[in-house]
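We count residues from 1, following the sequence as given.
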Amino acid sequence: MMVTTDRELDAVVIGAGFSGLYMNYRLRDVLGLDVVVFEGGSDVGGTWYWNRYPGARCDSESYMYCFSFDPELMQEWEWSGKYPEQPEILRYLNHVADRYDLRRNTQFETRVTAAHFDETTDRWRVETDRGDRVSCRYLITGIGCLSTGQIPDFPGRDSFTGEAYHTGSWPHEGVDFTGKRVAVIGTGSSGIQSIPVIARQAEQLVVFQRTAQYTIPARHATVNKAVLDKVKLDYEAIYDKARWSVGGFPYDVVDRSALSVDEQERDAIFEQTWQEGGFRFVFGSFSDLRTSRQASETAAEFIRNKIRQTVKDPAVAEKLVPTTHPFGSKRTLIDTEYFETYNRDNVTLVDIRSAPITEITPTGIRTADGHYEVDIIVYATGFDAMTGSFNRIDIRGRGGEALRDTWSAGPLTYLGLTVAGFPTLFMSTGPGSPSVLSNMPVAIEQHVEYVSRIIEHLRAEGLATIEADAEAQAAWVAHVNELAQPTMFMHADSWYLGANIPGKPRVFMPYCGGVGTYRKRCDEVAANGWEGFTLRPVTAAVPA
Ligand code: NA7
């Protein structure tokens, strides 16, 4: 579909991942608006369209990693594994796109380059890299929290004559590692998922690790259909529990301090949840692993011992043992045979904290300790998280103010959804909302439904704009910041804090109060007459 220039739309949605697909359905099919979606990829999927690296998989259990807005959709889809793998999630999102005919008004291979608010018409003027020029009353971003990849600016980076890939924009045809010497730089989620898979195929694998990680076995398995059928009988209650939870999962959360039990009992509880696998180690063990340094240290020590038991070479094990940050301060990682991979003869671990990478050469990677000749470099080096994708677009609000200037000292939002000075711009899972600290589909559905509720209200009341008040925004930013202060999150150089991007302001970006508390706050805001927002009527000269 091509958009003709000068179209006057009700809404433009940027992105066709989980957020954009559902936003399109809500606005187009439920509210009956004239909507266009712009998407950079050649098809739907967002994160799951781009991140096709080997081993890419979601850390949420599959039955919880989908939409809940349509009971029929929930009943008809069958997941095959405990954790959904990237191809399966992409198939699911394609199914959603087919089922609701969502491609019809989506223009692919098109990136929005600019969106300027026109104060004379109360409309957004949107431009794309394909030359489209449209206007809309409502502008909604579904551009993802982790979609602007970052490859560190190592000296000589572009001189490398072999193949080089970033995990977040992986070739669709895949990469054949057979017989190749491969380097992986980075040991975040993408690194720890891809390293075991690449190791099984490559001739040699060299892993360049800056920070050793705490990672928990996923215990991935095929799912028993009987288990899923049972879940389906109770789907609504399960999802409702997730909506009002902390992390967007339906798990029973224990209210027990790691310091309230003796060492033997603590280890037994850790062991049980470790065997269950995945996030149950965090939610099902103790409630203070992210808030008490001492409690966090007990989990850290448990994992350190697991690493020492798993990795046969004691020197390699010590390099893999995390010591520079507390457990729970970076994204909790879930793996499949990650530490076991270092027992393979074809895998070498290079500690680049003690001997950093000094340059990329035409034939490999040089560190302070030596030169590693490789055929392929995999950059598993992460993303300019949460704000990077906004900064790529020239978004201008009232008075021509650029969003990237408004956010120059860190993102300012009200509810992680709107920005003062940028009327009727809505950000699905924006900075200052639970987003990346939760099971994303749960957070996304709440945002999409809330935005659609706002738009419905504006139209019913003949209102043109809704805009966050600067005071409400300042209070929200302070609240988000305050919530993070007593947590472990403040004690690591993580992408939550922007610390992975040189020069990025060190500000904790997501809301860590939990999806349930956040949902309650949003509902209160609505019930209190859209508290913290100013709603303005349509001027006589401007049709609604
Ligand atoms: P992450 O989690 O940001 O991991 C990136 C990794 O790359 C991490 O190990 C970094 O080390 C490393 N890195 C980043 N920059 C450098 C430089 N300059 N030199 C050496 N090493 C570097 O990204 P992922 O893609 O793995 O995961 C992103 C999220 O996607 C994940 O959390 C899930 O939510 C899904 P560091 O730890 O910063 O020392």
Checklist line | Within 45° cone of Phe390 ring axis and under 6.0 Å: Arg392 NZ or CZ | finding: no
Next item on the list: Please examine the side chains of Glu61 and Val223, heavy atoms only from C-beta on, and report whether any two atoms are closer than 4.5 Å.
Entry: no
Notebook entry, point to check: Is the closest side-chain heavy-atom distance between Val197 and Phe177 below 4.5 Å?
Noted result: no
Item checked: Any side-chain donor near an acceptor of the partner, Arg290 and Thr332, under 3.5 Å -> yes
Notebook entry, point to check: Below 4.5 Å, heavy atoms only, C-beta onward: do Asp394 and Glu127 meet side chain to side chain?
Noted result: no
Check: Do the side-chain N and O atoms of His371 and Thr361 include a donor-acceptor pair separated by under 3.5 angstrom?
Finding: yes
Checklist line | Donor + acceptor pair across side chains of Asn481, Gln485 (<3.5 Å) | finding: yes
Check: With a 4.5 Å heavy-atom cut-off, do Trp170 and Asn51 have their side chains touching?
Finding: no
Check: Looking only at heavy atoms, which two atoms of Ser389 and Ser147 are closest? And how far apart?
Finding: OG-OG, 3.0 Å
Margin query: With a 4.0 Å cut-off on N to O distance, would you call Glu85 and Arg91 a salt bridge?
Written below: no
Check: With sequence neighbours left out, what residues match Asp43 under side chain to side chain donor-acceptor pair (under 3.5 Å)?
Finding: Arg103
Check: Is it the case that His447 and Tyr22 place a side-chain donor and acceptor less than 3.5 Å from each other?
Finding: no
Checklist line | With sequence neighbours excluded, residues passing side chain to side chain donor-acceptor pair (under 3.5 Å) with Asp375 | finding: Arg181
Next item on the list: In plain terms, say whether Glu337 and Arg344 are close enough for a salt bridge, that is, a side-chain N and a carboxylate O under 4.0 Å apart.
Entry: no
Notebook entry, point to check: Distance-only, no hydrogens or angles: does the Ser428 side chain make a donor-acceptor pair with backbone N or O of Val448 under 3.5 Å?
Noted result: no
Notebook entry, point to check: Name the one of Phe383, Trp50, Tyr379 that satisfies ring pair (Phe, Tyr, Trp, His ring centres under 6.0 Å) with His166?
Noted result: Phe383
Check: Side chains of Ser42 and Tyr49: donor-acceptor distance under 3.5 Å anywhere?
Finding: yes
Check: Do the side-chain N and O atoms of Ser285 and Thr273 include a donor-acceptor pair separated by under 3.5 angstrom?
Finding: no
Note to self: Does this structure show an ion pair linking Glu271 with Lys306, if we count only N-O contacts that are shorter than 4.0 Å?
What the structure shows: yes
Margin query: Could you check whether Arg331 pairs with Asp59 (Lys NZ or Arg NE/NH1/NH2 to Asp/Glu carboxylate O, under 4.0 Å)?
Written below: yes
Note to self: Under a 3.5 Å cutoff, is there a donor and acceptor pairing between the side chains of Thr367 and Asp369?
What the structure shows: no
Check: Can you tell me how far CG of Asp405 sits from CD1 of Ile395, rounded to the nearest 0.5 angstrom?
Finding: 12.0 Å
Margin query: I'd like to check Trp495 versus Lys330 (side-chain heavy atoms, cut-off strictly below 4.5 Å). Are they in contact?
Written below: no
Checklist line | Interatomic distance, Leu320 atom CG to Gln213 atom CD [nearest 0.5 angstrom] | finding: 10.5 Å
Notebook entry, point to check: If you round to the nearest 0.5 Å, how far is OG1 of Thr323 from CD of Glu318?
Noted result: 9.0 Å
Item checked: Contact check, side chains of Tyr251 and Val282, non-hydrogen atoms, under 4.5 Å -> no
Note to self: With heavy-atom distances below 4.5 Å as the criterion, would you say the side chains of Gln272 and Gln275 are in contact?
What the structure shows: no
Note to self: Do Ser292 and Asp288 pair up side chain to side chain, a donor and an acceptor below 3.5 Å, judged on atom types alone?
What the structure shows: no
Check: If we ignore angles and hydrogens, is there a donor and acceptor under 3.5 Å between the side chains of Thr406 and Glu401?
Finding: yes
Item checked: Contact check, side chains of Tyr92 and Tyr65, non-hydrogen atoms, under 4.5 Å -> no
Next item on the list: List the atom of Ala380, the atom of Val184, and the distance in Å for their closest heavy-atom pair.
Entry: CB-CG1, 4.1 Å
Check: To the nearest 0.5 Å, what is the distance between CE (Met23) and CD1 (Ile14)?
Finding: 12.5 Å
Margin query: Is the positively charged end of Arg266 above the ring of Phe286, judged by distance under 6.0 angstrom from the centroid and angle within 45° of the axis?
Written below: no
